[in-house]
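In what follows, every heavy atom counts, from backbone to side chain, and hydrogens, waters and symmetry copies are set aside.
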Amino acid sequence: MRIVNLTPETKSSLLNDLLKRSPNHYSEYEESVNGILEDVRNNGDRALFAYTKKFDRFELNGDNILVTEEEIREACHSLDDNLLPVIQKSAENIRAFHQKQLRSSWFDTREDGSLLGMKFTPVARAGVYVPGGKAAYPSSVLMNVIPAKVAGVREIIMTTPPGPDGKVNPGTLAAAHIAGVDRIYKVGGAQAVAAMAFGTESIPKVDKLTGPGNIYVALAKKAVYGYVGIDSVAGPSEILVLADETANPRYVAADLLSQAEHDELASAILLTTSAELAKKVSAQAEAFAQELSRSEIIRKSLDNYGYILVAETMEDAIDAANEIASEHLEILTANPFEVMAKIRNAGAIFLGEYSSEPLGDYFAGPNHILPTNGTAKFFSPLNVEDFMKKTSIISYSAQALEKVHKDIETFAESEGLTAHANSIKVRFE
């Protein structure tokens, strides 16, 4: 891994490099994606079936688009005996964590007869997109579906691409069954996003659409936002490790590579105050890369977006970490809690040498669907509230309104909205 000193110039260059990975920079694909969206919107199932034949090489039709109960049972039975209990334990941890995010409607009454409040209501139907092929991750199924279930969403549907044989990844089906998905459709790509956003003869329109995917899926989600709600337009995975001289270089290198193996655009960055640690981590990362199964992807990721930045002080490193606003941030310092208190921007923070990033990906409970490409400055992890709507409640008695009616009329008239003012005024003529 390349080692550079942290300066204003190197930080600026790094931020520019990372932003190039954002879906906002893939405008050359937008025309193709928009064409698929319009086709599905206008032609429904007919377009879905044609795209599935073209991209997935499967003859999809109205009779085989829905995954059957038998296929789900077969998938669960086909898994390794050790895996199914692990998925169930993970689901329990995720559910327990997200239960703590539930909020109740609230109402505030006053003596003058006024009442103000907030009513929380789950969306009626949520749709989850799940990638197929090598990017089929059962853990993401749990992370998308369980918050929706906890929120009280009445119906959750899922789309995922089939293989040429019409089968869906068994781990995906097992996780969907455990999480509580109501219906699963064998459709992938931008066409699946369009189907859930607009509805077709087979797939109902959803209110909220979540889930990861390739650049076509990301751009499709971006395009349908407004027709439906979405979680975010996610970019490639990223990790930033903030470490001092006390960190174990083997642990740091292993954790950096845990994200570099996702794809060639993944980002793995070490920010440290120790030049000695920087050298050891670079050497250890190279040694690990020779051993691991996805070594080719890891090398390309590190060549493209792998950095070791050496800062003069921990304060400089923390400032840079807040500017980068990484999806995953590990703090491996002598006092990680003290450093954590100074972090403003990160999707998820992992404290201490035994809290490595995969703990969050699979098992701890917090959601692993996190803001990327610096959006942790203003976005949050997927959570229960993403599947709930908030409605303001206002109720005033005649006595309460009489006390303030002239104030409201004055404000409305100052904006030239005399009908607004009159709406209040007529009640006190």
Side-chain angles (χ1 to χ4, degrees), residues 1 82-83 86-87 89-94 96-97 137-140 142-143 212 234 236-263 266-274 277-278 280-295 297-299 301-302 305-309 314 317-318 321 324-341 343 345-372 376 381-382:
M1 294 179 69
N82 295 322
L83 180 56
V86 170
I87 295 176
K89 288 179 187 176
S90 176
E92 290 166 8
N93 292 343
I94 295 165
F97 179 85
Y137 300 127
S139 58
S140 285
L142 303 181
M143 296 290 182
S237 188
E238 53 199 35
I239 186 172
L240 188 152
V241 177
L242 192 55
D244 61 16
E245 70 281 355
T246 66
N248 184 316
R250 271 180 71 82
Y251 297 171
V252 175
D255 294 353
L256 291 171
L257 269 53
S258 74
Q259 294 308 290
E261 76 169 343
H262 270 296
D263 66 56
S267 164
I269 301 169
L270 167 62
L271 260 172
T272 183
T273 52
S274 170
L277 178 72
K280 290 180 178 178
V281 169
S282 180
Q284 186 62 66
E286 174 59 32
F288 278 142
Q290 294 179 18
E291 304 169 2
L292 297 168
S293 61
R294 295 168 69 90
S295 60
I297 293 174
I298 289 171
R299 289 183 188 282
S301 169
L302 296 182
Y305 300 106
Y307 294 87
I308 296 177
L309 302 174
M314 183 53 67
I318 291 170
I324 294 168
S326 185
E327 177 187 18
H328 306 100
L329 171 63
E330 289 189 6
I331 301 177
L332 302 178
T333 60
N335 192 338
F337 286 90
E338 181 182 324
V339 174
M340 182 269 290
I343 296 297
N345 305 319
I349 300 175
F350 301 79
L351 301 173
E353 63 182 8
Y354 291 101
S355 305
S356 59
E357 189 279 336
L359 175 66
D361 268 355
Y362 293 108
F363 208 74
N367 210 288
H368 78 198
I369 298 169
L370 304 166
T372 59
L382 188 70

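Rounding to the nearest 0.5 angstrom, the gap separating the OG atom in S267 from the CD1 atom in I239 is 9.5 Å. If you take CG on L351 and CG on L332, they are separated by 9.5 Å, rounding to the nearest 0.5 Å. Note that CZ of F337 is 9.5 Å distant from CD1 of I331, once rounded to the nearest 0.5 Å. If you take CD1 on I269 and CG on L240, they are separated by 5.5 Å, rounding to the nearest 0.5 Å. Atom CZ of residue F97 and atom CG of residue N367 lie 8.5 Å apart, to the nearest 0.5 angstrom. Rounding to the nearest 0.5 angstrom, the gap separating the OG atom in S293 from the CD1 atom in I298 is 7.0 Å.
Taking both residues in full, the closest heavy atoms of A285 and L257 are given as O-CD2, 3.7 Å, listed atom of the first, atom of the second, then distance. Between I343 and A346, the closest heavy-atom pair is CG2-CB, 4.2 Å. Minimum heavy-atom separation, I87 to L142: O-CD1, 3.8 Å. Between A268 and L302, the shortest heavy-atom contact is CB-CD2, 4.1 Å. Minimum interatomic distance between E353 and N248 (heavy atoms only, all atoms of both residues): OE1-CB, 4.3 Å. Closest approach of A253 and V281 over heavy atoms only: CB-O, 3.9 Å.
Classification of the F350-H328 ring pair by plane angle, with boundaries at 30° and 60°, yields tilted.
Remark: side-chain polar atoms of N93 are paired, donor with acceptor, to backbone N or O of F363 under 3.5 angstrom. Side-chain atoms of D244 come within 3.5 Å of backbone atoms of A334 as a donor-acceptor pair (strictly under, hydrogens ignored). Between the S258 side chain and the D255 main chain, a donor and an acceptor come within less than 3.5 Å of each other. In this structure, T272 contributes its side chain and A278 its backbone to no donor-acceptor pair below 3.5 Å. The main-chain N or O of A266 is found under 3.5 Å from a side-chain atom of S301 such that the two form a donor-acceptor pair.
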Next item on the list: Go through the steps for R294 and R299 under the test side chain to side chain contact (heavy atoms under 4.5 Å, CB included), then give the verdict.
Entry: CA-CA 9 Å; R294 295 168 69 90; R299 289 183 188 282; over 6 Å; no
Note to self: Run S356 and E330 through side chain to side chain donor-acceptor pair (under 3.5 Å) and show every step you take.
What the structure shows: CA-CA 7 Å; S356 59; E330 289 189 6; 5.3 Å; no
Next item on the list: Evaluate the side chain to side chain contact (heavy atoms under 4.5 Å, CB included) criterion for residues E245 and L277: first the C-alpha distance (whole Å), next the side-chain angles of each, then the deciding distance (0.1 Å), finally the verdict.
Entry: CA-CA 6 Å; E245 70 281 355; L277 178 72; 5.9 Å; no
Margin query: Using side chain to side chain donor-acceptor pair (under 3.5 Å), reason through Q259 and E238 one step at a time and then give a plain yes or no.
Written below: CA-CA 6 Å; Q259 294 308 290; E238 53 199 35; over 6 Å; no
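Counting heavy atoms from C-beta on, the side chains of M314 and T333 come closer than 4.5 Å. Between Y137 and H262 the shortest side-chain heavy-atom distance falls below 4.5 Å. Within the 4.5 Å cutoff, the side chain of L329 has no heavy atoms near those of the V241 side chain. Under the 4.5 Å side-chain criterion, counting only non-hydrogen atoms from C-beta, S139 is in contact with H368. Proximity of M1 to L256: side-chain heavy atoms (C-beta onward) are separated by under 4.5 Å at one or more points. In this structure the side chain of I318 reaches within 4.5 angstrom of the side chain of L242, judged on heavy atoms. With contacts defined as side-chain heavy-atom distances shorter than 4.5 Å, the pair E327/S237 qualifies.
The environment of OH in Y305 is crowded: more than 12 heavy-atom neighbours from other residues, nucleotides or ligands sit within 6.0 Å.
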